[in-house]
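Take a look at the structure below.
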Amino acid sequence: MSPRDEGLAPAGELVLRNVGQLVTMAGQAVPFAVEAHAALWLVGGRVQYAGPESGLPPAAAKSPTVDVGGRLATPGLVDAHTHLLYAGQRAQEVALRARGAGYLEMLQAGGGILATVAATNAASDSEVLDATRRRLSEALRAGTTTLELKTGYALDPAGELRLLGLAERLRDEGPMRLVLTYLGAHALPASHAGQPGRFLEELATTHAAVAGRAQFVDVFLEPGVFGPAEVDPYLADARRHGLAVKVHVDELQDGGGAALAARWGAVSADHCAYTSPAGIAALQAAGTVAVLLPGTAGYLHPEHMAPARQFLEAGVPIAIGSDGNPGSSPTSCLGTLLPWAAAWLHLTPEEVWTAVTRGGARAVGRTDVGQLTPGSWGDVVVWDADDYRVPCYRYGTNLVQAVYVSGRQVAP
Ligand code: NIG
Ligand code: FE
């Protein structure tokens with residue numbers, strides 16, 4: 001727990017009663033137990049009791065109480081992978097893609113990520129902050145209470161540090177819990193065309209300033225973007241500065257990224273759409289979480305999804321993130337992706353819930369969120385549904401009725 005989390009926690013108490021189904025993610029996650037006729041008692045922003053309403057301790061009677069009308073309550077969602085810190089938008093890419101333009105082709109022509117870099121670098125601090133605040137509040141309204149936020153739309157050392165400073169301001173504002181990742185290595189800027197090694201060497205000079213501010217460093221490892229030759233020394237430097245590692249791997253083809261992520265003891269390997277059985281085995285051995293991003297795969301290559309079942313069968317923990325970004329997954333709302341995660345990754349509702357709560361928490365290195373067990377933060381979503389399978393089934397509507405962070409209602 002960081003001191004900032006202490007700051008977010010109110011002293012207030014709250015009872016949610018008449019919870020038709022309560023998903024706590026306690027114990028072994030799959031298959032998980034669902035409490036019927038449940039109640040939740042939050043004290044000092046944390047879970048004091050989660051279980052059958054009949055077992056609610058008598059002392060809870062003194063706390064303010066909300067009757068949730070038989071609805072479903074779950075842990076707040078943990079979105080372990082987003083790029084929501086940027087200015088501008090890229091709606092013009094829809095028609096380009098319809099005419100056959102590829103993701104890397106647009107990037108190599110100076111569009112894609114580089115177009116958002118130009119827009120973000122041209123925007124003032126308050127423009128970037130306001131645009132990002134709007135996205136974070138959409139995410140919160142759709143049930144995300146912890147969100148990993150990456151830099152990566154400046155692509156030069158000073159600009160990436162500016163974005164990190166803006167991300168810290170957003171984290172300190174709350175109410176969402178933000179986990180910060182430094183993704184200066186998101187693409188190769190035109191100024192360094194043909195010199196990825198030199199670019200990452202220059203970027204590594206910022207690591208001393210990043211340490212203690214971002215929790216993770218991340219790299220877009222993909223044939224045509226950055227490869228192992230330049231990524232290995234870059235990650236070695238990040239590790240020397242005490243930064244934990246995440247890596248974008250195997251998004252568009254199997255580039256051997258999973259094995260590299262495992263070699264660096266990455267907390268997570270993200271995308272993994274094309275990861276091979278050998279890569280899956282390497283992640284398992286390293287205890288690395290595979291963060292699967294079905295929104296992105298659905299947007300760019302719906303014919304090919306990450307082999308989610310193979311990860312689970314191999315014993316690799318999975319998380320599901322939104323990958324919210326202006327190009328390959330223009331959304332802020334993990335909560336509205338649950339039906340697609342189930343359908344496209346061939347996962348059961350139990351597996352989807354696990355991946356967007358405890359799985360997400362593990363992928364961002366936390367054990368105090370993503371579950372409603374005594375001592376965890378009281379981050380709760382009440383859904384306009386009476387059954388935990390409904391949010392993995394109905395699509396196109398936001399089913400979130402109310403969102404609480406540290407026991408305080410923060411949305412709507
Ligand atoms: O995870 N792959 C690299 N980064 C993002 C896309 C960012 C963008 O297109 O702006 C991703 O898909
Ligand atoms: Fe990403």
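For the single chain, residues carry numbers from 1 onward in sequence order. Both counts, for ligands and for their atoms, begin at 1 and track the order of listing.
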Which of Thr296, Val249, Asp250, Leu292 passes side-chain contact (heavy atoms from CB on, under 4.5 Å) with His271? It is Thr296
With a sphere of 6.0 Å drawn around CZ of Arg309, does it hold more than 12 non-hydrogen atoms of other residues, nucleotides or ligands?
yes
Is the centre of the His186 ring less than 6.0 Å from the centre of the Phe226 ring?
no
pair Tyr404-Asp379: side-chain heavy atoms closer than 4.5 Å
no
Run through all N or O atoms in ligand 1 and write down each protein N or O closer than 3.5 Å, as a pair with its distance.
{"residue": "ligand 1", "atom": "1 (O)", "partner": "His83", "partner atom": "NE2", "Å": "3.3"}
{"residue": "ligand 1", "atom": "1 (O)", "partner": "His248", "partner atom": "NE2", "Å": "3.2"}
{"residue": "ligand 1", "atom": "1 (O)", "partner": "His271", "partner atom": "NE2", "Å": "2.8"}
{"residue": "ligand 1", "atom": "1 (O)", "partner": "Asp323", "partner atom": "OD1", "Å": "3.0"}
{"residue": "ligand 1", "atom": "1 (O)", "partner": "Asp323", "partner atom": "OD2", "Å": "2.9"}
{"residue": "ligand 1", "atom": "2 (N)", "partner": "Glu251", "partner atom": "OE1", "Å": "2.7"}
{"residue": "ligand 1", "atom": "4 (N)", "partner": "His186", "partner atom": "NE2", "Å": "2.8"}
{"residue": "ligand 1", "atom": "9 (O)", "partner": "Arg90", "partner atom": "NH2", "Å": "2.9"}
{"residue": "ligand 1", "atom": "9 (O)", "partner": "Tyr103", "partner atom": "OH", "Å": "2.5"}
{"residue": "ligand 1", "atom": "10 (O)", "partner": "Arg90", "partner atom": "NH1", "Å": "2.9"}
{"residue": "ligand 1", "atom": "10 (O)", "partner": "Arg90", "partner atom": "NH2", "Å": "3.4"}
{"residue": "ligand 1", "atom": "10 (O)", "partner": "Tyr153", "partner atom": "OH", "Å": "2.6"}
{"residue": "ligand 1", "atom": "12 (O)", "partner": "Glu251", "partner atom": "OE2", "Å": "3.1"}
{"residue": "ligand 1", "atom": "12 (O)", "partner": "Asp323", "partner atom": "OD2", "Å": "3.0"}
{"residue": "ligand 1", "atom": "12 (O)", "partner": "Ser328", "partner atom": "OG", "Å": "2.7"}

Not counting sequence neighbours, which residues clear salt bridge (Lys or Arg N to Asp or Glu O under 4.0 Å) with Asp156? List them please.
none
Indicate yes or no: does Glu160 engage Arg162 in a salt bridge with an N to O separation below 4.0 Å.
no
Suppose the cut-off is 2.8 Å; how many protein N/O/S atoms fall inside it around the Fe ion (ligand 2)?
4
Honestly, is Arg135 close enough over Tyr86, meaning NZ or CZ under 6.0 Å from the six-membered ring centre and within 45° of the axis?
yes
Within 45° of the axis and under 6.0 Å from the centre of the six-membered ring of Trp377, does NZ or CZ of Arg177 qualify?
yes
Pairing residues for Arg362 by the salt bridge (Lys or Arg N to Asp or Glu O under 4.0 Å) criterion, not counting sequence neighbours
none
